[in-house]
Structures are given as structure tokens and as C-alpha cells.
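Note that these values count all heavy atoms, side chains included, but never hydrogens, waters or copies made by symmetry. Per chain, numbering begins at 1; letters A, B, ... match sequence-line order.
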Number of protein chains: 2
Amino acid sequence: MKALADPLRMQIVTLLAAESLCVCHLVEETGAKQTNLSNHLRLLRQAGLVETEPWRFLYYKLRPAALEAVAAHLGGLADTARTTAESARKRPCP
Amino acid sequence: MKALADPLRMQIVTLLAAESLCVCHLVEETGAKQTNLSNHLRLLRQAGLVETEPWRFLYYKLRPAALEAVAAHLGGLADTARTTAESARKRPCP
DNA sequence: GTAACGTATCAGCCCATGGTGACATCAGTC
DNA sequence: GACTGATGTCACCATGGGCTGATACGTTAC
């Protein structure tokens with residue numbers, strides 16, 4: 001969750017959803033500096049959301065399963081909330 | 001996204017997924033102080049993730065649709081990533 | 001009416017995070 | 001070997017955000 005809290009990191013994830021990209025592309029697309037992107041990509045990697053593809057240059061690639069897991073978790077909470085909202089029972093206050 | 005980045009707020013959302021609760025319950029469950037919870041709940045309300053139910057006491061309730069929207073957005077990114085990963089084409093570097 | 005409770009706001013402190021530039025290392029080219 | 005570019009790390013600073021306690025206001029109970 002924290003990994004996705006930063007707007008730039010969310011932008012990175014969105015860009016990587018479309019295609020794997022190397023830092024040179026990300027610099028172009030986001031306008032952020034290389035070192036800053038390096039920091040953010042490290043965090044996204046540590047969070048398990050992206051991985052690297054060594055190529056001519058180092059490409060970064062989204063890990064769909066990790067993102068799907070976050071989505072499923074939130075979706076599950078939403079489903080649970082829908083079910084319990086129907087029961088309409090409230091826990092009494094002390 | 002930012003709204004869910006804080007562990008306490010994520011805990012609140014998880015608790016509210018199970019049932020709507022008033023602050024007195026949240027104080028008990030989380031151990032956080034009333035004023036702190038009030039701050040966090042304000043942020044969650046501003047983010048559209050929870051709403052209030054005036055009752056004997058004020059209850060807070062999760063908005064499943066809002067949470068579902070976040071989940072769907074992330075899920076969509078994951079799906080896109082899966083599709084593009086199969087194409088295996090890489091944007092060339094300059 | 002008074003006291004207690006529920007709730008939100010305010011102001012302040014302190015730590016975490018985001019961004020930056022310098023620098024180091026590695027790989028490729030000449 | 002010298003140079004260049006790609007990549008990541010380090011140290012620092014500014015800002016943002018989380019938490020706290022005091023306070024204000026409205027409601028409820030006696």
C-alpha cells in the first residue's frame with residue numbers, strides 16, 4: 001500500500017502496465033531524474049510490484065500477480081462490507 | 001491510494017469491512033486515541049472510502065463501491081500488464 | 001441548570017519520506 | 001588504457017504526515 005501511495009510511483013506502475021520500460025523511457029515519460037527514479041524503482045522492487053529484465057539496458061517490468069493480490073485484498077474487503085451492510089446489525093456502545 | 005497507505009487507516013478499513021462501528025469500538029480495537037482516530041476518519045471520509053451514520057452515537061461505515069473502484073483500477077493495471085507481457089515487444093532505447 | 005460524554009478542531013512536535021546532487025562502479029566503445 | 005553512458009548508493013535537506021494534548025461545541029443524563 002505504501003508503495004503505491006506516492007503519485008510518481010503510481011505513474012510508474014501505470015506506465016509499466018502498458019509495457020516494460022527502461023529508466024531512459026521513464027525519465028522521458030515522467031520528467032523525473034534518473035536517481036530519483038532509481039530510488040522509487042528500488043522501493044517498488046522491494047515491495048515486489050516490479051522486477052528487472054536485464055537486456056541491453058535494464059528494463060523494469062510490472063509483476064501482475066503482486067498487483068492483483070493487492071486488488072483482490074481490497075476487493076475482498078469491499079465484498080465483506082457489502083455482505084455485512086445487509087445484515088444491518090450494529091455493535092452496541094458501552 | 002494515499003488514504004490507504006497508513007497502517008492504522010488500513011486497519012480501520014479492515015475493521016469497518018466487517019461491520020460499521022463507532023469511534024468507541026475503534027478506540028478499543030486499535031488502541032489509538034480518539035483524537036487520532038478522528039483525524040484518520042476525516043481523511044478516509046474525504047477520500048470517499050467511509051461515510052457516517054448518525055445513530056445514538058456516530059457510526060462509521062465503509063463505502064464498498066469506493067474500495068471496489070480502487071481494486072478495479074489496480075486489477076485493470078494487472079490485466080493490462082498480463083496482456084502486454086505476452087506481446088514481448090520492447091520499446092527501443094535511444 | 002450542571003456535569004459528563006461524544007466529537008471534531010487546533011497547534012505543535014517529531015519522525016518519515018521524497019527529491020537532489022555528488023559520487024562510485026560496471027560495461028561497452030574507441 | 002581512456003572515455004562515456006547506465007545504474008545504483010550516499011548524504012543531506014525540505015516537506016509532509018502521524019500523533020499528541022488542549023480545547024470548543026453539541027448532546028444527553030441527572
Side-chain angles (χ1 to χ4, degrees), chain A residues 1-16 19-63 66 70 74 89-94, chain B residues 1-16 19-63 66 70 74 89-94:
Chain A
M1 266 306 102
K2 282 187 103 59
L4 297 175
D6 177 62
L8 182 51
R9 288 205 290 280
M10 195 64 222
Q11 189 183 3
I12 291 168
V13 163
T14 302
L15 290 168
L16 291 182
E19 57 180 329
S20 47
L21 294 169
C22 82
V23 181
C24 67
H25 304 130
L26 292 170
V27 167
E28 264 182 47
E29 297 275 355
T30 67
K33 298 205 161 74
Q34 176 268 323
T35 58
N36 195 12
L37 284 167
S38 190
N39 281 329
H40 283 299
L41 287 161
R42 174 173 52 82
L43 290 172
L44 287 172
R45 219 177 353 172
Q46 282 173 356
L49 291 174
V50 304
E51 60 197 349
T52 54
E53 292 182 303
W55 195 256
R56 169 85 172 78
F57 299 128
L58 194 61
Y59 277 72
Y60 285 86
K61 167 183 181 160
L62 201 57
R63 294 186 67 241
V70 177
L74 296 182
R89 182 192 142 271
K90 288 193 195 301
R91 185 196 292 194
C93 288
Chain B
M1 267 305 107
K2 284 186 106 51
L4 296 176
D6 177 62
L8 181 52
R9 288 204 290 279
M10 195 65 222
Q11 190 183 2
I12 291 168
V13 163
T14 302
L15 288 170
L16 292 183
E19 57 180 328
S20 48
L21 294 168
C22 83
V23 179
C24 64
H25 303 131
L26 291 170
V27 166
E28 266 181 43
E29 297 275 357
T30 66
K33 296 199 161 73
Q34 175 267 319
T35 56
N36 196 12
L37 284 167
S38 192
N39 279 330
H40 283 298
L41 286 160
R42 173 172 52 81
L43 291 171
L44 288 171
R45 214 174 357 169
Q46 282 172 359
L49 292 174
V50 305
E51 61 196 348
T52 55
E53 293 181 303
W55 193 257
R56 167 88 171 78
F57 300 128
L58 193 62
Y59 278 71
Y60 285 84
K61 167 182 181 161
L62 200 59
R63 294 185 69 242
V70 177
L74 295 181
R89 182 193 141 273
K90 288 198 197 296
R91 188 196 289 194
C93 286

Using whole Å, what does the distance between atom C1' of nucleotide D:dC19 and atom CZ of B:R9 come to? 12 Å
Would you kindly give the CG-to-P distance between B:L58 and D:dT27, to the nearest whole Å? 13 Å
Of the listed nucleotides (D:dT7, C:dG18, C:dT7), which one gets closest to any side-chain atom of A:F57? D:dT7
Please report the closest heavy-atom contact between B:Y59 and A:C93, naming both atoms and the distance. OH-SG, 3.6 Å
How do A:A32 and A:R56 order along DNA chain C: which one's closest nucleotide is nearer the 5' end? A:A32
Using a 4.5 Å cut-off on heavy atoms from C-beta on, say whether the side chain of A:L4 contacts that of A:L49. yes
Measure from CG on A:L43 to C1' on D:dT7 and round the result to the nearest Å. 16 Å
Any side-chain heavy atom of B:M10 sitting closer than 4.5 Å to one from A:L74? yes
Grab the NE2-P distance between B:H25 and C:dG6 for me, whole Å please. 11 Å
From CG of B:L8 across to P of D:dG18 the rounded distance in Å is 9 Å
Which listed nucleotide (D:dT7, D:dT20, C:dA8) is nearest to the side chain of B:N39? D:dT20
5'-most contact on DNA chain D: B:H40 or B:T35, nearest heavy atom basis? B:H40
Separation of atom CD in A:Q34 from atom C1' in D:dC10, rounded to whole Å: 13 Å
Is the phosphate of D:dT7 approached by A:Y60 (side-chain N or O, under 4.0 Å from OP1 or OP2)? no
OP1, OP2 of D:dG18 versus side-chain N and O of B:N36: anything below 4.0 Å? no
Side-chain touch B:E19/B:H25, heavy atoms, less than 4.5 angstrom: no
Starting at atom NZ of A:K33, determine the distance to atom C1' of D:dC12, rounded to an integer number of angstrom. 16 Å
Once you round it to whole Å, what is the distance between P of D:dG16 and NZ of A:K2? 16 Å
Considering only heavy atoms from C-beta outward, does the side chain of B:L44 approach that of B:L16 to under 4.5 Å? no
